[in-house]
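Inspection log for the structure reproduced underneath, given as structure tokens.
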Protein chains: 2
Amino acid sequence: MTETNEITQHDAVEQFILYWGDMGSQWGVNRSVAQIHALLFLSREPMNAEQISAALGIARSNVSNSLKELVGWKLIRRVPIPGDRREYFEAETDVWEMAMRIAQGRKEREIDPAAAALTACVEKAETEKNIDPVILKRLLDMQDFMATTNSWYEQMLRVPKPQLKTLIKMGDKVLSVLKIARKGT
Amino acid sequence: MTETNEITQHDAVEQFILYWGDMGSQWGVNRSVAQIHALLFLSREPMNAEQISAALGIARSNVSNSLKELVGWKLIRRVPIPGDRREYFEAETDVWEMAMRIAQGRKEREIDPAAAALTACVEKAETEKNIDPVILKRLLDMQDFMATTNSWYEQMLRVPKPQLKTLIKMGDKVLSVLKIARKGT
DNA sequence: CCGTTATTTCTGTAAAAAATGAAATAAATA
DNA sequence: TATTTATTTCATTTTTTACAGAAATAACGG
């Protein structure tokens, strides 16, 4: 009694899933994960693992692991369906929210560890007596850059979405409003 | 007569190269490429392929290909050394410039193709007669998001570095200056 | 508890990516 | 033009990652 979800009937949906899966590879996300995300992003109803497996033709176990990863990124969430003990999942469909979750995930997984590693290097460099000052400066510059952008990011995270959108939509106009000169003004 | 570059003597440098290489993997950049970049980033003198190969213990051919990739990203450039017919390379050492080059590269390789694919899907969806309006809306939302952020990015690229730094350093203070309310204000 | 159904973990295999060493090409000089 | 030296290309091996299918575990309903 596995209800079929007519979503995969649409050509456009199928194409989107294919493209998205492939894009994922370029991005460092594996195809299964990206495809499942694409499917759930477009599905109007939550889906269970069995349905996803059938819709995409990928192994049930693979679906299970991929779902776990997507949950880890907070791009999908479990939704309980009354009277059904299977687990259903739905995707975050607000694209801004989605982007922020991805940014957050990448920061945690990629940026933060890099920053930590860098700190360790700087510490080591500072204890080395005959360290070349040029080298030390470059490490410090990099560290400073990371600290600055990290702090910027933290602040942006705290900005409510509507204001953030306004800001983005203003683009480089903020410069003139702030009386910061920009090229060709 | 391959002059040794004493740079790899420093423990801190070696550690940085190792960390950076490993970070690269997480990032979707292969280890060789990341290590070479790290090495050149810290080296005060330009280096040739032979020296790099020796310093990192990786195959000469691998160095050649990796250098080509780094040049493609504009993270390093060839520098002619008078009286030496070998090719020498040096890295961009301004971290802001470096970040912008990486951003530009990722946009071209990851974002732009995604946007194109998305456009194709939207077009297909719009021609399908019985397309679910919810699905179409989600595709359009995504497309709109991409267009917005893309335009923002283009504008930011045109902002001269010093102003950009100012802007980043201001962080969420721009909101108050622009009279856009923010949480806790 | 026992049988049933859902989910996860584990193990092997297939596919993809990275890296090497050798061969080929190109560039320079003598 | 022949010879040396630098660089690139190519075929092969190694390493890593993705995936499937089976087995194990867990969750529930009778």
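In what follows, chains are A, B, ... by sequence order, proteins preceding strands, each numbered from 1.
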Residues from residues 32-46 of chain B sitting under 4.0 Å of DNA chain D, heavy atoms only? none
Using atom types as modelled and distance alone, determine if a side-chain donor or acceptor of B:Gln51 lies under 3.5 Å from a backbone N or O of B:Asn48. yes
End-to-end bend of the helix from C:dC1-D:dG30 to C:dA30-D:dT1 (five-pair axes, 10° rounding)? 20°
Categorize A:Asn62 for me: base, sugar-phosphate, or nothing, with a 4.0 angstrom heavy-atom threshold over every strand shown. sugar-phosphate
Is there, by distance only and without an angle test, a donor paired with an acceptor across the side chain of B:Arg85 and the base of C:dT29 below 3.5 Å? no
Any chance you could measure A:Ile168, atom CD1, to B:Ser151, atom OG, to the nearest 0.5 Å? 9.5 Å
Salt bridge (Lys or Arg N to Asp or Glu O under 4.0 Å), that's the test. Do B:Lys74 and B:Glu92 meet it? Break it down for me. CA-CA 8 Å; B:Lys74 299 197 177 142; B:Glu92 169 61 56; over 6 Å; no
Applying a 4.0 Å non-hydrogen cut-off, can you work out what B:Arg31 is touching in the nucleic acid: base, sugar-phosphate, or nothing? sugar-phosphate
Would you check if A:Leu136 and A:Glu126 make a side-chain contact, meaning some heavy-atom pair closer than 4.5 Å? yes
By nearest-nucleotide position on DNA chain D, the 5'-leaning member of B:Phe89 and A:Arg60 is B:Phe89
Nearest non-hydrogen partners of B:Tyr19 and A:Cys121, listed with the distance: CD1-SG, 3.6 Å
Taking the six-membered ring of A:Trp73 (Phe, Tyr or Trp), confirm whether the NZ or CZ of A:Arg109 is under 6.0 Å from its centre and within 45° of its axis. yes
Ignoring backbone atoms, establish whether A:Lys68 has a side-chain N or O less than 4.0 Å from OP1 or OP2 of C:dT9. yes
